[in-house]
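Take a look at the structure below.
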Amino acid sequence: MLKGKHIILGISGGIAAYKSVFLLRLLVKEGAEVQVVITPNGKEFITPVTLSSLSQNPVICDFFTANTGEWHSHVSLGLWADLMVVAPATASTMAKMATGVADNMLVTTYLSAKEHVMAAPAMDLDMWAHPSTQRNIEQLRRDGVEIIMPGSGELASGLSGKGRMAEPEEIVRRIKEYFSRSRDMEGMKVMITAGPTCERMDPVRYIGNYSSGKMGFALAEECAARGAEVILVAGPVSLATENPAIRRVDVESAVEMCEAAEKAFADADVAIFAAAVADYRPAETAETKIKRENADEMTVRMVRNPDIAARCGMAKRAHQTTVGFALETDNERLNAAHKLEKKNLDMVVMNSLRDNGAGFRTDTNRITIFGRGGSVTEYPLKSKREVARDIVDAMLLQRRGADATADLSDN
Ligand code: C5P
């Protein structure tokens with residue numbers, strides 16, 4: 001799969017450098033040509049002899065080879081590479097990458113890299129959580145670097161938390177995904193709503209729901225990976241986006257979500273409504289905290305929220321495709337088919353709360369897709385990222401079908 005691909009593996013000075021040996025081994029096994037560039041501190045953790053033996057290439061650390069006076073050209077290295085992967089990326093190396101402090105071969109090469117760059121951070125949990133690290137990661141994302149997020153677990157310090165470098169197998173998976181991404185959504189603009197909405201009652205309380213936003217965020221990553229420009233209108237969730245092609249608009253209430261979604265929809269080719277939007281909101285929002293009083297009961301008068309999917313569905317123009325979700329507890333098929341019509345959607349993705357592993361907060365989903373022409377396709381239980389791929393594949397197929405029909409009627 002990676003045969004003939006030129007990959008620069010940048011190793012900086014963290015204990016996770018030992019995992020990079022396995023990463024290098026896997027890349028070479030997949031047929032990649034790997035050039036290792038290591039920082040002076042990286043060499044303290046892992047020896048260049050190990051790395052050059054595995055990569056079959058001399059390891060680059062210094063700007064010059066002292067005894068021969070040979071100069072290592074970071075420029076030609078940058079041009080040679082199809083991809084640069086910095087793993088582990090320490091807090092210090094990321095800070096240098098974010099600000100362009102090119103005082104070693106790794107960062108200098110990064111500044112010369114023409115193609116895609118990935119970074120797999122690894123550090124202790126407090127370093128990871130520090131605002132300066134988070135700022136630098138944000139900057140790198142804006143600069144187009146794909147961050148392969150660290151996992152949580154036992155750390156070299158003995159503490160436990162976030163900061164463990166992603167496993168070599170996961171990094172290889174992301175590298176393969178990068179090379180295999182067919183850019184079949186290049187030039188497309190996609191608007192996605194995700195997460196719950198929070199409907200304020202007073203300054204400390206709201207009415208909300210259990211949506212985690214995971215499905216909508218997975219869809220955003222999938223579309224962006226396939227070349228689309230994505231606007232993700234997100235309710236309050238604790239998720240981060242990874243692909244820099246995703247522009248995120250954070251909102252709180254259904255009314256705010258509606259405003260942002262309609263604005264983005266005007267310019268979109270595709271809209272996917274994955275948010276769990278509250279149907280009603282409190283009629284009044286109290287300026288100050290509502291007191292308990294002495295009553296045993298309390299009544300909150302609610303008013304109807306706008307139906308974002310339906311509003312966009314009604315305003316839809318010929319080149320636009322809309323995809324809605326139906327999360328049901330009963331009469332699933334009937335409700336899903338009804339939604340397709342009522343909201344003028346091109347596709348409804350149905351999941352049932354009756355299925356194990358499907359629905360809110362899970363990392364998996366089991367879906368059935370209802371198409372405009374009456375098609376019904378059932379899928380097995382999969383990860384939300386894989387489900388996102390299925391949804392996008394089905395949506396593109398439906399668009400092509402619609403285009404073909406339009407072409408036929410044009411003739
Ligand atoms: O009618 P129901 O809420 O079951 O429809 C679900 C679909 O409609 C989802 O795609 C959801 O994102 C969308 N929706 C919306 N605005 C609402 C309610 C639902 O966009 N106010």
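Here, residue 1 is the first one in the sequence, and each next residue gets the next number.
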Can Glu221 and Arg389 be counted as an ion pair, charged N to O under 4.0 angstrom? no
Could you tell me whether a side-chain N or O of Asn104 sits under 3.5 Å from a main-chain N or O of Val107, the two making a donor and an acceptor? yes
Looking only at heavy atoms, what is the nearest atom pair of Asp62 and Met105, with distance? O-CG, 3.5 Å
Checking Ser20 side chain against Ala87 main chain: does a donor-acceptor pair fall under 3.5 Å? yes
Check this for me: does any side-chain nitrogen of one of Glu33 and Lys5 sit under 4.0 Å from a carboxylate oxygen of the other? no
Answer yes or no: is there an ion pair linking Arg226 with Asp393, defined by an N-O contact shorter than 4.0 Å? yes
Ignoring hydrogens and angles, state whether a donor on the side chain of Thr93 or Thr90 is under 3.5 Å from an acceptor on the partner side chain. yes
Donor-acceptor contact below 3.5 Å, side chain Ser253 vs main chain Glu256: yes
Could Asp103 and Lys96 be called an ion pair, given the rule that one side-chain N must be under 4.0 Å from one carboxylate O? yes
Is the count of non-hydrogen atoms from other residues, nucleotides or ligands lying under 6.0 Å from Arg247 atom CZ greater than 12? no
Using a strict threshold of under 4.0 Å (side-chain N to carboxylate O), is an ion pair present between Glu146 and Arg141? no
Looking at Arg135 and Glu138, is any side-chain nitrogen of the basic one under 4.0 Å from a carboxylate oxygen of the acidic one? no
Would you please classify the geometry between the Phe273 ring and the Phe265 ring as parallel, tilted or perpendicular, with 30° and 60° separating the classes? tilted
Can any side-chain N or O of Asp202 pair as donor or acceptor with the backbone N or O of Ile290 at less than 3.5 Å? yes
Could you tell me if Arg248 and Thr241 have a donor-acceptor pair between their side chains, going purely by distance under 3.5 Å? no
Main-chain N/O of Met127 paired to Thr133 side chain as donor or acceptor, under 3.5 Å: yes
May I ask you to say whether Asp346 pairs ionically with Lys316, meaning some side-chain N is under 4.0 Å from a carboxylate O? yes
Assess whether a salt bridge exists between Glu341 and Arg372, defined as any Lys/Arg side-chain N lying under 4.0 Å from an Asp/Glu carboxylate O. yes
Are the charged groups of Arg311 and Glu262 less than 4.0 angstrom apart, N to O? yes
Whether the side chain of Lys19 engages the backbone of Met165 through a donor-acceptor N/O pair (distance < 3.5 Å, no angle test) should be reported. yes
Sidechain N-carboxylate O distance under 4.0 Å for Arg173, Glu177: yes
Donor-acceptor pair, distance only, cut-off 3.5 Å: does the side chain of Gln320 make one with the backbone of Ala268? yes
Any side-chain to backbone donor/acceptor pair from Gln134 onto Trp128? Under 3.5 Å, distance only. yes
Can you tell me if Ser55 uses its side chain to pair, donor with acceptor, with the backbone of Asn57 under 3.5 Å? yes
Using a 6.0 Å cut-off, check whether atom OH of Tyr18 has over 12 heavy atoms from anything other than its own residue. no
Under 3.5 Å donor-acceptor, Thr197 side chain and Ala278 backbone: yes
Set out, in order, the CA-CA distance, both residues' side-chain angles and the distance that settles salt bridge (charged side-chain N to carboxylate O under 4.0 Å, His left out) for Arg333 and Glu378, then state yes or no. CA-CA 11 Å; Arg333 283 168 180 262; Glu378 283 186 37; 2.5 Å; yes
Asp267 with Lys189: basic N within carboxylate O range, under 4.0 Å: yes
